[in-house]
Each structure stands twice: as structure tokens, then as C-alpha cells.
Amino acid sequence: RPSATGDKPYNGLASGGSNQGPLNPALQDAVRDRIKALREADPQAQTPVPMDLVTASGSGLDPHISPAAARFQVARVAKARNVPPEALEALISRHTEGAWLGFLGEPRVNVLELNLALNGAPLL
């Protein structure tokens, strides 16, 4: 997920949203550029790009993405990490959290926990 921390990417001391509304041309340009970069990084990905992969969270430091955003990246991440896509899909499912208290919010993937699992989990 893109960082909204400006010239200090992913720096907690610089956290904060971009405060750009959906009609702001700067946001529209940034989203267009991010979609282009994702398509260039993985030309085989033909599904629509999930919105959370091209927009920053409110804090700019959110450790979660949607399950759709995680699955959109499976082929690219599996290749980069040299793991079977099926193993990555299983880890995504394992690290997908449901709605808070069972009904508040949307399901989300904890990317930090997923990356830690990728670093140390036996995948085969």
C-alpha cells in the first residue's frame, strides 16, 4: 500500500493522510501512475487493481490490505519469494482477519504478519 508520509516513506514520525479528495487532480494522477506501475510490474494480472493498492491509508502506515489486494499480488510475490502460489494463498488466508467484533469493518490481511510468515514459515 502506498505511504502517505511524503518524502520519508513509511516513517512513523511523518505519518498522516494526504488529505487529497477524490476530485483532486493530484490524487487522480498519482492513482493513474500507481496503476500503471502495478500493471508494468505484473503484466499477467488482468483483474481490476484493488483501490487500496493505489491509495494511501489515513495514517499512511496501515499494516493491512484487503484480501483482494493481497490476492492481486500473488503471482508477482510468489515469483519474487520463490514460493508456490498455492502456499502464498494459504498464508494469505491464515493472515486474513475478519470484521472487528464479527460485524465492524471489512476483512483485512495483516501484511506485517504475512511477511514474517513468508520469512520463516515452512512453505512446502
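Just so you know, these numbers use all the heavy atoms, side chains as well, and skip hydrogens, waters and symmetry mates.
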Between CG of Leu114 and CG of Asn119, what distance do you get to the nearest 0.5 Å?
-> 9.5 Å
Just wondering, do Glu89 and Val74 contact through their side chains at under 4.5 Å, heavy atoms?
-> yes
Point-to-point distance, once rounded to the nearest 0.5 Å, from CD of Glu40 to NZ of Lys36 | 5.0 Å
Least distance between heavy atoms, Pro67 atom then Pro107 atom | CD-O, 3.4 Å
Interatomic distance, CD1@Ile65 vs CG@Asn110, rounded to 0.5 Å, equals 10.0 Å
Report, as yes or no, whether the 6.0 Å neighbourhood of atom CG on Asn82 holds more than 12 heavy atoms from other residues, nucleotides or ligands.
-> no
Applying side chain to side chain contact (heavy atoms under 4.5 Å, CB included), run through Val109 and His64 and close with a yes or a no.
-> CA-CA 5 Å; Val109 177; His64 298 91; over 6 Å; no
State, with a plain yes or no, whether a side-chain heavy atom of His95 is found less than 4.5 Å away from one of Asn115.
-> no
Side-chain contact test, heavy atoms from C-beta onward, threshold under 4.5 Å: evaluate it for Ile92 versus Arg71 and give yes or no.
-> yes
In Å, rounded to the nearest 0.5 Å, how long is the span from CZ of Arg34 to CE of Met51?
-> 11.0 Å
Write down the atom of Asp42, the atom of Phe72, and the distance for their closest heavy-atom approach.
-> OD2-O, 4.2 Å
More than 12 heavy atoms from other groups under 6.0 Å of CD on Glu106 = no
Go through the steps to decide whether Ile35 and Leu53 satisfy the test side chain to side chain contact (heavy atoms under 4.5 Å, CB included), and finish with yes or no.
-> CA-CA 8 Å; Ile35 290 172; Leu53 287 182; over 6 Å; no
Check for a donor-acceptor pair, side chain of Arg39 on one end and backbone N or O of Gln44 on the other, with a separation under 3.5 Å.
-> no
Find out whether Val54 and Asp33 are in side-chain contact, i.e. whether some heavy atom of one side chain is under 4.5 Å from a heavy atom of the other.
-> no
Same cluster for Phe103 and Trp100 if Ile/Leu/Val/Met/Phe/Trp/Tyr side chains link at under 4.5 Å?
-> yes
Heavy-atom distance under 4.5 Å between the side chains of Arg108 and Asp52, does that happen here?
-> no
